[in-house]
Amino acid sequence: MSTADVLIAGAGIVGLSTALELASKGLRVTVLERQKAMSEASWAAAGMLAAHDPENPSQLRLLSDLSITLYPDFLKNIEHLSGIQVPFRTSETLHGSELNRNLSGPLPHDEITKRIPQLNISGRQFILLKEHSLDPRDLCAALPRAAAAAGIRIIEESPVNRIRATATGIEVRASGTTYTGGQFVNCCGAWAGAIANHPAIEPRKGQMVTIKLPPGNNLEYVVRTPELYLVPRGDGRIIIGASVEHAGFDKSVEQSTIRSLLSDASELWPPVHKAEIVETWAGLRPGSADGLPVIGVSGEKNCWIASGHFRNGILLAPATARVMRELILGETPSVDLSSFRSDRFAEVSLH
């Protein structure tokens, strides 16, 4: 039987970031991962820190602002512990919406074409956002190593089978081993609903493609519309995504969906048409019934949940980790979490 102060299920960016926050306060943390650390939604993400995306739910604003404030030190700490740099790949985003959308400060057409020649602006207005993006694959290399350096125990290929409250804390059964801890945090992403018997959290499949631009073409900005995004990596590669599908835990890549993404991206920015396809993949975002994260107490005493971040797991991880640390230590959270309560879905169903 293995003992820790806090047991965390899920070694994605939310789980490992929470573990780092708790370890920084001297707590012994064990993270149980059903496969390999950072191998699911964190690995599959595009990496936009889209805190001020006009399409985001308004309830995310305070949590997003907190996360953006925390991000520089969050990355410095990871780099210090792991020895691996996690750089920002872009610093600005051109966000396009339909002309009838009331956006403040739309850019003049000549300013848009100056920044991104050949961008199709027909029927759209664009705003410029000071917004970073990073490559989640950098985090996938650095974050598990940083966690290990901080004294966090990561146990891979150990799916959680059972969670039980005891007189002294929590008992968790995973892959034939029993773990005990004072607290338990469910950070299982798309799998969190199954762990917590919480049907409001379900997978949202997203298919994506990486292209490589031919010499002489370059894209320095993230370009995003409500339907599509192009995220440059700074070396001629561009991530294009992503579909949103209710397909259970299916992660198969469908060529018809990839062709549709490429067609739409080519229409938005024609140089895509001449690019080489480098990689295609699908990931499973953790979606909730109302599109908002689920953060707070869950089920048994001393059990918590941090999941349902949908498209914004990379963005919201530092803030989620901070408020989870505060909750577990009995402190007042840095932001109001009432919109993210895990029991809000049960309350709705009663009316």
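Counting begins at 1 with the first residue of the sequence. These values consider heavy atoms only, across backbone and side chains, with no hydrogens, waters or symmetry-generated copies.
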### Query
If you measure from OG on Ser342 to CG on Leu337, what distance do you get to the nearest 0.5 Å?
11.5 Å
### Task
Side-chain contact test, heavy atoms from C-beta onward, threshold under 4.5 Å: evaluate it for Val335 versus Phe340 and give yes or no.
no
### Message
Please report the interatomic distance CD1(Ile154) to CG(Leu143), rounded to the nearest 0.5 Å.
### Response
7.5 Å
### Query
Residues in ring pair (Phe, Tyr, Trp, His ring centres under 6.0 Å) with His95, at least two apart?
none
### Message
Rounded to the nearest 0.5 Å, what separates atom NE2 in His309 from atom CG in Leu316?
### Response
5.5 Å
### Message
Phe74: which residues meet the ring pair (Phe, Tyr, Trp, His ring centres under 6.0 Å) condition with it, sequence neighbours left out?
### Response
Tyr71
### Task
Using modelled atom types only, decide if a donor and an acceptor are shared between the side chain of Trp269 and the backbone of Pro117 within a distance under 3.5 Å.
yes
### Task
Could you tell me whether Asp53 and Arg311 have a side-chain N and a carboxylate O separated by less than 4.0 Å?
no
### Message
So which atom in Pro144 and which in Leu139 form the shortest heavy-atom distance, rounded to 0.1 Å?
### Response
CD-O, 3.8 Å
### Task
Establish whether Phe184 and Trp304 are linked, either directly or via other cluster members, by ILVMFWY side-chain heavy-atom contacts under 4.5 Å.
no
### Message
I'd like to know if Arg137 pairs up with Asp135 as an ion pair, taking the criterion as any Lys NZ or Arg NE/NH1/NH2 lying under 4.0 Å from an Asp or Glu carboxylate oxygen.
### Response
no
### Task
Looking only at non-hydrogen atoms, find the nearest pair between Pro54 and Ile127 and report the distance.
CG-CD1, 3.9 Å
#### Entry: Distance, nearest 0.5 Å, that separates CZ of Arg153 from CD1 of Ile8
14.0 Å
### Message
I need the minimum non-hydrogen distance between Pro293 and Leu60, along with the two atoms involved.
### Response
CD-CD2, 3.5 Å
### Message
A side-chain contact here means heavy atoms from C-beta on lying under 4.5 Å apart; do Asn186 and Ser307 qualify?
### Response
no
### Task
State, to 0.1 Å, how close Gly189 and Ile201 come at their nearest heavy-atom pair, and which atoms those are.
O-CG2, 3.8 Å
### Query
Is any side-chain heavy atom of Pro136 less than 4.5 Å from a side-chain heavy atom of Met38?
no
### Query
Does some side-chain heavy atom of Val222 sit less than 4.5 Å from a side-chain heavy atom of Leu94?
no
#### Entry: Co-membership, hydrophobic cluster, residues Val6 and Ile163, 4.5 Å side-chain
no
### Query
Quick one: side chain to side chain contact (heavy atoms under 4.5 Å, CB included) partners of Pro159, sequence neighbours excluded?
Arg34, Ser175
### Query
Can you check whether Ala146's main-chain N or O pairs, donor with acceptor, with Ser82's side chain at less than 3.5 Å?
no
### Query
Taking all atoms of both residues into account, what is the closest heavy-atom pair of Leu16 and Ala11, and its distance?
CD1-O, 3.6 Å
### Task
Tell me who clusters with Val278, hydrophobic residues only, linked when side chains sit under 4.5 Å apart either directly or through other members.
none
### Message
Before you tell me yes or no, could you show the steps for Thr178 and Glu171 under side chain to side chain donor-acceptor pair (under 3.5 Å), namely the whole-Å CA-CA distance, both residues' side-chain angles and the distance that decides it to 0.1 Å?
### Response
CA-CA 7 Å; Thr178 299; Glu171 184 179 281; 5.1 Å; no
### Task
Dump the intermediate steps for salt bridge (charged side-chain N to carboxylate O under 4.0 Å, His left out) on Glu92 and Lys130, then the final yes or no.
CA-CA 5 Å; Glu92 293 181 308; Lys130 298 295 183 180; 2.3 Å; yes
For residues 18-28, which side-chain donor-acceptor pairs fall under 3.5 Å, sequence neighbours excluded?
from, atom 1, to, atom 2, distance (Å)
Thr18, OG1, Val14, O, 2.8
Glu21, OE1, Arg322, NE, 3.2
Glu21, OE1, Arg325, NH1, 2.8
Glu21, OE2, Arg322, NE, 3.0
Glu21, OE2, Arg322, NH2, 3.2
Ser24, OG, Glu21, O, 2.6
Arg28, NE, Asp5, OD2, 3.3
Arg28, NH2, Asp5, OD1, 3.1

### Task
Run the salt-bridge test on Arg61 and Asp65 with the 4.0 Å N-O cut-off and return the result as yes or no.
yes
### Nearest-0.5 Å distance, CG of residue Asp264 to CD of residue Glu267
6.5 Å
### Test item: side-chain donor near acceptor, Ser252 and Asp250, under 3.5 Å
yes
### Task
Treat each ILVMFWY residue as a node, draw an edge where side-chain heavy atoms are under 4.5 Å apart, and state whether Leu7 and Ile155 are in one component.
yes
### Thr30 side chain near Thr3 side chain, heavy-atom distance below 4.5 Å
no
### Task
Compare all side-chain heavy atoms of His52 with those of Glu131 and state whether any distance is below 4.5 angstrom.
no
### Task
Would you mind listing the cluster partners of Ile84? Hydrophobic ones only (ILVMFWY), side-chain contacts under 4.5 Å, chaining allowed.
none
### Message
For a quick check under 3.5 Å, do Thr225 and Glu227 share a side-chain donor-acceptor pair by atom type?
### Response
yes
### Task
Look at Arg204 together with Glu245 and state whether they make a salt bridge at an N to O cut-off of under 4.0 Å.
no
### Message
Whether Lys212 and Glu276 form a salt bridge (side-chain N of Lys/Arg under 4.0 Å from carboxylate O of Asp/Glu) is what I want to check.
### Response
no
### Query
Does the side chain of Ser339 come under 3.5 Å of the side chain of Gln59 through a donor N or O and an acceptor N or O?
no
### Task
Decide yes or no for Glu157 and Glu33: does some side-chain heavy atom of the first lie under 4.5 Å from some side-chain heavy atom of the second?
no
### Query
Are Leu66 and Val323 side-chain neighbours, meaning at least one heavy-atom pair lies under 4.5 Å?
yes
### Query
Taking Ser158 for the side chain and Glu156 for the main chain, is one N or O donor matched with an acceptor at less than 3.5 Å?
yes
### Message
Just to verify, which of Val223, Val209, Thr210, Ile211 counts as forming a side-chain contact (heavy atoms from CB on, under 4.5 Å) with Ile238?
### Response
Ile211
#### Entry: Trp43 side-chain N/O to Cys140 backbone N/O, donor-acceptor pair under 3.5 Å
no
### Message
Please check: side-chain N/O of Ser17 versus main-chain N/O of Ala321, any donor-acceptor pairing under 3.5 Å?
### Response
no
### Query
Can you tell me if Asp138 uses its side chain to pair, donor with acceptor, with the backbone of Pro87 under 3.5 Å?
no
#### Entry: Short N-O contact, Asp235 and Arg233, less than 4.0 angstrom
no
## Note on the structure
When every non-hydrogen atom of Ser67 is compared with those of Ala317, the smallest separation belongs to OG-N, 4.0 Å
### Task
Run the salt-bridge test on Glu220 and Arg115 with the 4.0 Å N-O cut-off and return the result as yes or no.
no
### Message
Could you see if Leu292 belongs to whatever hydrophobic cluster contains Leu315? Use Ile, Leu, Val, Met, Phe, Trp, Tyr and a side-chain cutoff under 4.5 Å.
### Response
yes
### Query
Distance from His246 atom NE2 to Lys205 atom NZ, nearest 0.5 Å?
13.0 Å
